[in-house]
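Predicted model only: the values in this text are computed from it and were never measured.
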Amino acid sequence: MFEKWFPNVDIADLNTAIYETFYMTILSLIGTFIIGIILGLLLYLTSRGKLWENKFVYGIVAAVVNIFRAIPFIILILLLFPFTDFIVGTIRGPEAALPALIIGSAPFYARLVEIALKEVDNGVVEAAKAMGAKNSTIMFKVLLKESMPALVSGLTVTAIALIGSTAVAGVIGAGGLGDFAYFYGFQRRQFDVVFICTLLIVIVVFVFQFIGDLISNKLDKR
Amino acid sequence: MITIKNLSKIYRTKKQNITAVDELNLTIESGEIFGVIGYSGAGKSTFVRLLNRLEEPTAGEIIINGKDIVKQRKNELRLARQEIGMIFQHFNLLWSRTVHQNIAFPLEIAGVPKKERKAKVDRLIELVGLQGRENAYPSQLSGGQKQRVGIARALANDPKVLLCDEATSALDPETTDSILDLLVDINKRLGLTIVLITHEMNVIRKICHRVAVMDTGKVVEQGNATHVFQNPQQDITKRFVRQLDGSEQYASLSATVVKEGTGTIVKLSFSGENVNQTIVSQTAKQFDVDINILQGNVLQTQTGAVGNLFLQLVGSESEVEKALDFIRGANVKAEVQELV
């Protein structure tokens, strides 16, 4: 059945491609999460009237975030080639895609984190202060905890954008479903390969969205 | 207990300086319920937030338990705050935590071990009457229940002072009453000093021992609650008292019921023991005057009762005058009212 509909698809190659897509998405998502949370917290805390109010730091972080968000992803990969080569030791394969993926999406996620933190009621932060909480307690037990559903749904949105980016990275040799579709499908005129890659990416996106919604709803006690 | 000296808060903006609290002096005794009343913009909310430095004072001293809060460094202040409970108009609970976890939060902050925390929280839940709701989330509670959680949370670290920032303003009258009863109960049982701010005179009447009236950042009048109700000095205080003593109802009544030239309208004010006197019937028997009762009420305060009675006295001028002298002789305040 499968061979009738998809005569040109090599199952072993396809499995490798799926694995590489997951590998790139999940690892870059972890990196994005960590860096995005740090940048988002910085943006929030240094803004006006917040715990670490500091115009200078806010200005710098905001500028860095805006610059990296402005660069189209395909150009960012090219720009980062020397950096990638230095860090990873190669510019080919899934590992080599990680720096560009993380640097490309962390600023995006940072803005979503900032928005999520802004949604936390100032009164609750004040109540914690009135109880004598340390700033670190306010950060971890109030700000991040209270905004968790928004942080998770923001991460879901970011994950889906990342899946798209892995496919773009694939075209210049990062591996994964994008790579598979472009080299094996498009360039060899084997459109069944393009089709199955599309189908799989759509399924992966749905799975991420489903899991994200599930966790976000579970966390939301409002 | 709390001594405030020359406390000021000035908000500086590019265009102008706004003085929210202006050279304020106040002493609050240990174990009393002290009310601060004022219209919005009077600076009362800023005032209460200065007490635990949620707002930084511009100048002045705040001495709580012998320590000047204003001079304290960050870490000292943090520890001092653990001994000052605070409740809020909008409760400010953490929605991601259950009732139990919300009340445990200040204990976590103070570093109380887990086992003790649980026992303490259970006791507090009982104190505020929330048994059976321990595992509910704030979104599943009514306004009154949320404020009970707020109170339990504020009491967790055994504070000496409880600050109430418009704590009942978001609640309906019945719920307000139950929360006020709880505050009185806590005040008596734990000997806690309570500072509450409000714009409702009814709240002051029900629970405060002493009251300060704030206007444009200053305390314009203060004293024993009963005394202030009976003898308001400032116009603003009179306006607040009028919300409760029947004057407003009288004003609307007089226009329709009482025609000009049909006698003298008198407002009698009683307090304490003389509420119980049979002064009206005695006056009617002894003097040649007819008495018509227009409006009356008794306000029960924490420190005693204050009664008000609006009478229409009909008779010759000299008899009315004698009757008024008689009433005043019985230690009852009698004021002749202008027809409105």
TODO: Tell me, with the steps shown, if Lys145(A) and Arg97(B) meet side chain to side chain contact (heavy atoms under 4.5 Å, CB included).
DONE: CA-CA 9 Å; Lys145(A) 184 90 194 301; Arg97(B) 287 172 169 245; 4.3 Å; yes

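Contact count versus chain B (heavy atoms, under 4.5 Å) is highest, among Pro149(A), Ala128(A), Ala127(A), for Ala127(A). Ranked by heavy-atom pairs under 4.5 Å with chain A, the first of Glu83(B), Gln89(B), Met86(B), Arg49(B) is Arg49(B).
For the atom pair Phe88(B) CZ and Glu126(A) CD, the distance stands at 6.0 Å (nearest 0.5 Å). Rounding to the nearest 0.5 Å gives a distance of 12.5 Å between CD1 of Ile109(B) and NZ of Lys129(A). Taken from NZ in Lys74(B) to NZ in Lys134(A), the straight-line distance is 11.0 Å, to the nearest 0.5 Å.
At most 12 non-hydrogen atoms from other residues, nucleotides or ligands lie less than 6.0 angstrom from CZ of Phe140(A). Atom OH of Tyr137(B) has more than 12 heavy atoms from other residues, nucleotides or ligands within 6.0 Å. Heavy atoms of other residues, nucleotides or ligands lying less than 6.0 angstrom from OH of Tyr11(B) number more than 12. With a 6.0 Å radius and a threshold of 12 heavy atoms from other residues, nucleotides or ligands, Arg222(A) has its CZ atom above the threshold. Within 6.0 Å of atom CZ in Phe73(A), more than 12 heavy atoms from other residues, nucleotides or ligands are found, so the atom counts as buried in its surroundings. The environment of CD in Glu126(B) is sparse: at most 12 heavy-atom neighbours from other residues, nucleotides or ligands sit within 6.0 Å. Enclosure of atom CZ in Phe210(A) is not indicated, since only 12 or fewer non-hydrogen atoms of other residues, nucleotides or ligands lie within 6.0 angstrom.
Only the backbone of Leu93(B) comes within contact range of chain A, with at least one heavy atom under 4.5 Å from a heavy atom of that chain. Proximity to chain A is limited to the side chain of Glu108(B), based on heavy atoms less than 4.5 angstrom apart. Both the backbone and the side chain of Leu94(B) have a heavy atom closer than 4.5 Å to some heavy atom of chain A. The parts of Val142(A) that come within reach of chain B are both its backbone and its side chain, each placing non-hydrogen atoms under 4.5 angstrom from that chain. For Asn122(A), no part sits under 4.5 Å from any heavy atom of chain B, backbone or side chain. Heavy atoms of Arg153(B) lying under 4.5 Å from chain A belong exclusively to its side chain.
Nearest heavy-atom pair across Gln82(B) and Met131(A) is CG-O, 3.2 Å. Contact between Trp95(B) and Leu219(A) at its shortest, heavy atoms only, is CZ3-O, 3.6 Å.
Of all residues in residues 33-41 of chain A, none places a non-hydrogen atom less than 4.5 angstrom from a non-hydrogen atom of chain B.
A donor-acceptor distance shorter than 3.5 angstrom exists from the side chain of Glu146(A) to the backbone of Ser96(B), with no hydrogens or angles considered. In this structure, the side chain of Arg78(B) engages the main chain of Gly132(A) through a donor-acceptor pair within 3.5 Å.
By the 4.5 Å heavy-atom criterion applied to side chains, Phe105(B) and Thr137(A) are counted as neighbours.
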